[in-house]
Amino acid sequence: MINGSSIMRLKGLFLSDMRFQAKYGFYFLYAFLTVIYIAVLLALPETWREKAAAILIFSDPAAMGLFFMGAIVLLEKSQHTPCALAVSPVRAGEYLAAKVGSLTVISLAVAAVLALAAGVGNLHIVLPGTVLSSAVFSLLGMIAATKIASLNQFILWTIPIETACFVPAVLHLFGVTPAWFRHYPANVCMDMISGRIPSAAGILAAAAVTAVLLLYSRKCVLKMWDSMGGSKI
């Protein structure tokens, strides 16, 4: 149940995560990458820009949660942060919300800049699609990060995730996949990032997958805390 204490803890975690990301150069890195992406988009023929922007938004800002989440959790493990969190009043749901929310802010900012640079319309669809994509990838990144102890292990975990998400979505963007495959959650995200309204069935499928990932990632966080610093009472 959400109460005043929970909101205060969530706010503190969110601001702490943003300071953590700034300290380790996340914002500088993405400012630099955004300039490069804009230069690439402007160098392309106008007819290519919308699809190129969709691929960049999906594969980088929206998917940054997958890789950055792994880096953040690995750093926290090396600093024994989970040990402190395990015996603190912080709840797994609050921890997840702060992590996903802080990474989504970066994804949204970069996606908006790239969409405007490429002249992509329907920002009211593109930005919610970016939020959905970022949330899905961040939760997948959290699940993978809680189960590994090294960067090499994390990279191995991300290979099947990338294959299952990126390949179908890019093929769908170019109309290579069959019509029924538009309900696949990754393809729903790509449709929205491209400025297209997905089907109702696709939205329901994406929402269901996100809910399952949220529940499972919460379970993974609790298990990580249990193994490193004790369980919540």
Side-chain angles (χ1 to χ4, degrees), residues 1-24 26 61-109 111 127-149 154 157-158 161 164-165 185-186 188-189 192 203-233:
M1 185 176 67
I2 298 177
N3 52 39
S5 298
S6 180
I7 292 172
M8 291 300 295
R9 287 195 300 268
L10 181 57
K11 179 182 176 181
L13 287 168
F14 181 83
L15 294 175
S16 176
D17 282 335
M18 295 195 76
R19 287 192 294 268
F20 183 92
Q21 292 158 16
K23 176 181 177 181
Y24 285 97
F26 286 28
M64 66 179 287
L66 176 62
F67 303 104
F68 278 16
M69 187 67 82
I72 290 169
V73 175
L74 281 173
L75 277 170
E76 287 185 345
K77 284 182 177 181
S78 70
Q79 297 169 354
H80 305 290
T81 303
C83 297
L85 291 172
V87 294
S88 74
V90 172
R91 300 302 175 191
E94 298 162 357
Y95 176 80
L96 275 171
K99 286 281 187 292
V100 173
S102 61
L103 290 175
T104 298
V105 167
I106 309 176
S107 295
L108 266 178
L127 297 184
T130 302
V131 172
L132 177 61
S133 302
S134 182
V136 168
F137 281 111
S138 295
L139 292 172
L140 287 170
M142 177 61 74
I143 291 168
T146 57
K147 296 179 179 296
I148 51 87
F154 184 76
W157 268 78
T158 60
I161 296 174
C165 296
V188 172
C189 292
M192 295 180 71
I203 293 175
L204 287 174
V209 167
T210 305
V212 170
L213 290 175
L214 179 59
L215 292 173
Y216 185 59
S217 59
R218 179 181 178 276
K219 181 179 178 181
C220 290
V221 168
L222 288 172
K223 187 175 180 180
M224 177 181 69
W225 287 357
D226 288 349
S227 65
M228 298 190 72
S231 59
K232 295 286 186 186
I233 297 175

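We're numbering straight along the sequence, starting at 1. These numbers come from a predicted model, not from an experiment.
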Check whether any side-chain heavy atom of [X] sits under 4.5 Å from a side-chain heavy atom of [Y], and report yes or no.
X	Y	answer
Ser227	Lys223	no
Gln21	Ile72	yes
Cys220	Met142	no
Arg91	Ser6	no
Leu139	Leu96	yes

Closest contact, heavy atoms only, [X] versus [Y]:
X	Y	answer
Leu213	Leu140	CD2-CD2, 3.7 Å
Phe154	Gly141	CE1-O, 3.8 Å
Asp17	Ser102	CB-OG, 3.7 Å
Ser107	Thr130	O-CG2, 3.7 Å
Ala186	Cys165	CB-O, 3.6 Å
Val73	Ala145	CB-CB, 3.6 Å

Atom pair [atom1]/[atom2] of [X] and [Y] - distance to nearest 0.5 Å:
X	Y	atom1	atom2	answer
Leu13	Leu10	CG	CG	6.5 Å
Leu127	Thr104	CG	OG1	12.0 Å
Leu103	Leu108	CG	CG	11.5 Å
Ile148	Ile143	CD1	CD1	13.0 Å
Leu15	Phe20	CG	CZ	15.0 Å
Ser217	Lys99	OG	NZ	12.5 Å

Report task. Please work out which of the three classes, parallel, tilted or perpendicular, describes the rings of Tyr95 and Trp225, given edges at 30° and 60°. Result ->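 Trp225 vs Tyr95 ring planes: perpendicular.
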Query raised in the report: Is the side chain of Ser16 donor-acceptor paired with the backbone N or O of Gly12 at a distance under 3.5 Å, no angle test?
Result: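 No, Ser16 side chain to Gly12 backbone: no donor-acceptor pair under 3.5 Å.
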Query raised in the report: Can you check whether Val131's main-chain N or O pairs, donor with acceptor, with Ser134's side chain at less than 3.5 Å?
Result: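 Side chain of Ser134 to backbone of Val131: no pair is present.
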**Report entry** The single option from Lys219, Glu76, Lys77 passing side chain to side chain contact (heavy atoms under 4.5 Å, CB included) against Met224
**Finding:**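 Per the side chain to side chain contact (heavy atoms under 4.5 Å, CB included) rule, the option paired with Met224 is Lys77, out of Lys219, Glu76, Lys77.
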**Report entry** Tyr24 atom OH, over 12 foreign heavy atoms within 6.0 Å
**Finding:**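 Enclosed: over 12 neighbouring heavy atoms sit under 6.0 Å from OH of Tyr24.
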Query raised in the report: Between Leu214 and Arg218, is a side chain to side chain contact (heavy atoms under 4.5 Å, CB included) present by the stated rule, with each step listed?
Result: CA-CA 6 Å; Leu214 179 59; Arg218 179 181 178 276; 5.7 Å; no
